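To start, the structure under review is shown below, and the notes come after it.
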Number of protein chains: 2
Amino acid sequence: MGHKRATIKDIASELKLSPSTVSKALRDHPNIGVVTKERVKRLAKQLHFVPNQTAIRFKQQRSFTLGILIPSMLDHFYVAAVEGFEKFAYDNGYNVLIGQSHESLQREKELLLTMQSNRVDGLIIAISRETVDTTHINEFVRSGIPIVYFMRKPINEEYHCVCSDVYAGAIDAIAYFVSLGHKRIGFINASSFWTTSRDRFLGYRDGLIQHGIPFDKSLVQESDFTQESNFHAMRRLMQLNTPPTAILSFKDQVMLDALSCLRREFPSKADSIALIGYGANPMIQYLERPPLASLKEQPYEIGQKSGLLLLDLVNHPRTDYEPQLVKLPCKLQVFSTLKQR
Amino acid sequence: MGHKRATIKDIASELKLSPSTVSKALRDHPNIGVVTKERVKRLAKQLHFVPNQTAIRFKQQRSFTLGILIPSMLDHFYVAAVEGFEKFAYDNGYNVLIGQSHESLQREKELLLTMQSNRVDGLIIAISRETVDTTHINEFVRSGIPIVYFMRKPINEEYHCVCSDVYAGAIDAIAYFVSLGHKRIGFINASSFWTTSRDRFLGYRDGLIQHGIPFDKSLVQESDFTQESNFHAMRRLMQLNTPPTAILSFKDQVMLDALSCLRREFPSKADSIALIGYGANPMIQYLERPPLASLKEQPYEIGQKSGLLLLDLVNHPRTDYEPQLVKLPCKLQVFSTLKQR
DNA sequence: TTGTACGCGTTATCAA
DNA sequence: TTGATAACGCGTACAA
């Protein structure tokens, strides 16, 4: 039953005013009379006038839209980041366009084009697993749209980035392991192209060294996050001549699969192996025998801060190149005390 | 380092052609010469020309954007629906604007305005818990934008809707309980304003009746999904003179909290009480002693079908009022066989 | 096969 | 305090 949508023109002609007057009145422009404003607003309401953002965007040459590119919304961690980003964006009058790469480089490239085509005013991006070359991203930036990396940043790019301080987190995790008497500590990591993997690794290695434990390459495995890959990494660790008694994992998902693997394939050892992951997944509370601990990150805040930094770049385009690097702390959250036993 | 963005005009003047020729050439319009097309496309590529969707939208009086309004992205179930919807939308050349009501009516109203302001071509919506009056939604529809309810539909509205066949699901659950010897079966439901609650309830009641079990009002509790509320509902059931031996829950989240409640507060009975929820949350696989079962729904497909139905409404505006009701089956997924014991 | 003219809804600028 | 005009980038009907 669509009554035709009212426009500024409709209001103007009805009130025998000019469109520009109406436009100003609606936006409370100072040099419009109070009486006129009142008349305009009354009629606007009556006609259910809703400003046409489409036209405004076009006119203003700004989309008032910010883009966010994540691997997947099925990952609770990124959803939290989207939430933080979205909240910030909405509070500042921006819409958000979400894209999911599903870890595909091809999809990432397409989405970047979509973003460009939609003239997003800025973009934050957590690169896909396949993104080892960043030509497409650099081209995007060269087209004039500022970006901020978040969570994952290519290891060979110096650019604005907001992420967790996973290095310090790993240091903490190792210290906790050691305090419980562990000396043989394994590590399941992810793509070595991300700084967030490298930093975890450095923290792991430096943590060991700090406690006088020699670094042993065979204790480090890599996974691509599929259940299969997680299981595989765990198996290789357990099949060492001297398997680890403690394992740090890139993220909770990996840790949970590692735990499943232990329970299914190495049940006799399952309870003696200490596990720490990243993320503090809320579902862990439902486990009767939870893993040892998890490094709680702050994805929501990372989303917010990314938005803040991005909007700054949007509003104050810099020609000088001084990459901002923001790191938010992780906090070790211990679950074992929650055990009923 | 933004080289100014190239427009159709730039290409035209560079090639001494008219903008309209360029426009047509870029879109492979039949009556443009092959040679011209080639020249145009070459230069377009060279100048990194990306069509300005903002202008196209404005010109076409269509946003090529579909809206989706959900309670929260923290709920895995709705994320899956978003995925399905998004996939469908992208495949059909549409963007997606996501809004989260966080179960707030106020927020829902604001988001509806945002959607209207952005001139989305259509919208699918799962109403908030607070939405007992639908004036704002009806007004939205009256403004000319078609909508499709999904998952949750107001009980007093006859309108297009895509959701799970939760009635049949409840019937199946009850039948399964009965087959295991249960006769005293409880139910934790949600807002009675949604058809999806009513249908669960009817399935629960009819299921009981089918097996000759009298309906007992005291066995039905309501929860608002907060952990506190879930625990409270569970406690009330357990504190009955004759507590249930089996409980159907509105969704897995409720069931998991119910399970926690049992283990913490009624440990002696915890293992003898059979639980079934809705959703088949993938995290359940990590539980050592999982609940009995869950009704696996098809949120991804619901998202897709909602998109399909919506796009049909967008492209073929109907004046005649014939609400479509699409129901997708639930499938009982049994977890107990996964138990290690 | 190509070009011209116009308009979509809004706002900025300048004139009245 | 208000109004007229132009412009944003594109697509389309129609003219050449």
Side-chain angles (χ1 to χ4, degrees), chain A residues 3-41 43-44 47-65 93 116-121 143-144, chain B residues 2-41 43-44 47-65 93 116-121 143-145:
Chain A
H3 37 188
K4 211 171 136 297
R5 252 189 273 282
T7 73
I8 281 188
K9 279 184 190 170
D10 299 331
I11 299 178
S13 67
E14 183 97 4
L15 256 37
K16 311 242 182 271
L17 287 170
S18 84
S20 54
T21 305
V22 173
S23 169
K24 286 173 194 154
L26 286 172
R27 286 172 302 139
D28 263 328
H29 196 284
N31 49 16
I32 296 293
V34 189
V35 197
T36 311
K37 277 184 188 169
E38 216 34 65
R39 290 177 63 215
V40 169
K41 287 182 183 172
L43 185 59
L47 296 180
H48 298 99
F49 171 79
V50 180
N52 187 337
Q53 283 298 337
T54 299
I56 294 174
R57 280 198 259 274
F58 176 53
K59 165 69 181 165
Q60 306 285 53
Q61 298 288 82
R62 294 180 65 179
S63 66
F64 299 102
T65 299
Q116 218 171 331
S117 195
N118 279 285
R119 298 289 189 270
V120 293
D121 297 326
S143 87
Chain B
H3 37 190
K4 212 174 133 299
R5 251 189 275 278
T7 73
I8 280 188
K9 277 184 192 167
D10 299 330
I11 300 178
S13 66
E14 182 98 5
L15 257 37
K16 312 234 180 281
L17 287 170
S18 85
S20 61
T21 306
V22 174
S23 169
K24 286 173 194 155
L26 286 172
R27 285 171 304 134
D28 265 328
H29 197 282
N31 50 14
I32 294 293
V34 189
V35 199
T36 310
K37 278 184 188 170
E38 215 35 65
R39 288 177 65 215
V40 169
K41 288 182 181 171
L43 185 59
L47 297 180
H48 298 100
F49 171 79
V50 180
N52 188 338
Q53 283 297 337
T54 298
I56 293 174
R57 281 198 256 277
F58 176 52
K59 163 70 183 162
Q60 308 284 55
Q61 297 289 80
R62 295 180 62 178
S63 67
F64 298 103
T65 299
Q116 221 173 330
S117 194
N118 279 285
R119 298 289 190 268
V120 293
D121 297 326
S143 89
I145 305 176

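Labels below follow one simple rule: chain letters A, B, ... track the order of the sequence lines, proteins then strands, and each chain is numbered from 1. Just so you know, these numbers come straight off a predicted model, no measurement behind them.
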If every non-hydrogen atom of [X] is compared with every non-hydrogen atom of [Y], which pair is closest and at what distance?
X        : Y        : result
B:Arg119 : B:Ser63  : O-OG, 2.6 Å
A:Thr54  : B:Asn118 : OG1-O, 3.9 Å
B:Gln116 : A:Val50  : NE2-CG2, 3.9 Å
A:Pro51  : B:Ser117 : O-OG, 3.0 Å

Kindly say if [X] contacts the phosphate of [N], meaning a side-chain N or O under 4.0 Å from OP1 or OP2.
X       : N      : value
A:Gln61 : D:dG9  : yes
B:Lys9  : D:dC8  : yes
B:Arg27 : D:dT12 : yes
A:Thr36 : D:dT2  : yes

(Q) For D:dC8, is there a stacking contact with A:Phe58, counting only centres under 5.5 Å and planes under 30°? (A) yes
Q) What do the steps show when you test B:His29 against B:Asn31 for side chain to side chain contact (heavy atoms under 4.5 Å, CB included), and what is the final call? A) CA-CA 6 Å; B:His29 197 282; B:Asn31 50 14; 2.5 Å; yes
Q. Nearest nucleotide by nearest heavy atom, which residue falls closer to the 5' end of DNA chain C, B:Gln60 or B:Ile32?
A. B:Ile32
Q) A:Ile8 or B:Pro30: which one's nearest nucleotide on DNA chain C is closer to the 5' end? A)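 Its nearest nucleotide lies further toward 5', so the answer is B:Pro30.
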Q: Tell me, please, the opening and closing nucleotides of DNA chain C, 5' to 3', among those with an atom under 4.0 angstrom from a non-hydrogen atom of chain B.
A: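 Footprint of chain B along DNA chain C, 5' to 3': C:dT1 to C:dG9.
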Atom-to-atom span, [atom1] of [X] to [atom2] of [N] - whole angstrom:
X       : N      : atom1 : atom2 : result
B:Ile11 : D:dC10 : CD1   : C1'   : 12 Å
A:His29 : D:dT1  : NE2   : C1'   : 11 Å
B:Lys59 : D:dA7  : NZ    : P     : 18 Å
B:Arg62 : D:dG9  : CZ    : P     : 23 Å
A:Ile56 : D:dG9  : CD1   : P     : 17 Å
B:Phe64 : D:dC10 : CZ    : C1'   : 12 Å

Identify whether any heavy atom of [X] sits under 4.0 Å from a base atom; if not, whether one sits that close to sugar-phosphate; answer base, sugar-phosphate or nothing.
X       : value
A:Thr7  : sugar-phosphate
A:Lys16 : sugar-phosphate
B:Asn31 : base

Could you list the protein-to-nucleotides 14-16 of chain D atom pairs, N/O on both sides, closer than 3.5 Å?
none

Distance in Å, [X] [atom1] paired with [Y] [atom2], rounded so as to fall on 0.5 Å steps:
X       : Y       : atom1 : atom2 : answer
A:Leu47 : A:Ile11 : CG    : CD1   : 6.0 Å
A:Ile32 : A:Thr21 : CD1   : OG1   : 5.0 Å
B:Phe58 : A:Lys59 : CZ    : NZ    : 10.5 Å

**Q.** Audit row: A:Asn52, A:Arg5, side chain to side chain contact (heavy atoms under 4.5 Å, CB included) steps and yes/no
**A.** CA-CA 10 Å; A:Asn52 187 337; A:Arg5 252 189 273 282; over 6 Å; no
Q) Quick one: bend of the helix from C:dT1-D:dA16 to C:dA16-D:dT1 from 5 pairs per end, to 10°? A)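 The helix from C:dT1-D:dA16 to C:dA16-D:dT1 shows an end-to-end axis angle of 40°.
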Q.
With side chain to side chain contact (heavy atoms under 4.5 Å, CB included) as the criterion, how do A:Ile8 and A:Phe49 come out once you've worked through the C-alpha distance, each side chain's angles and the decisive distance to 0.1 Å?
A. CA-CA 8 Å; A:Ile8 281 188; A:Phe49 171 79; 3.8 Å; yes
Q.
Salt bridge check, A:Asp28 against A:Lys41: does any charged N sit closer than 4.0 Å to a carboxylate O?
A.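 Counted as a salt bridge, because a side-chain N and a carboxylate O are separated by less than 4.0 Å.
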Q. Between A:Arg27 (side chain) and A:Ser23 (backbone), is there a donor-acceptor pair under 3.5 Å?
A.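 Yes: the side chain of A:Arg27 pairs with the backbone of A:Ser23.
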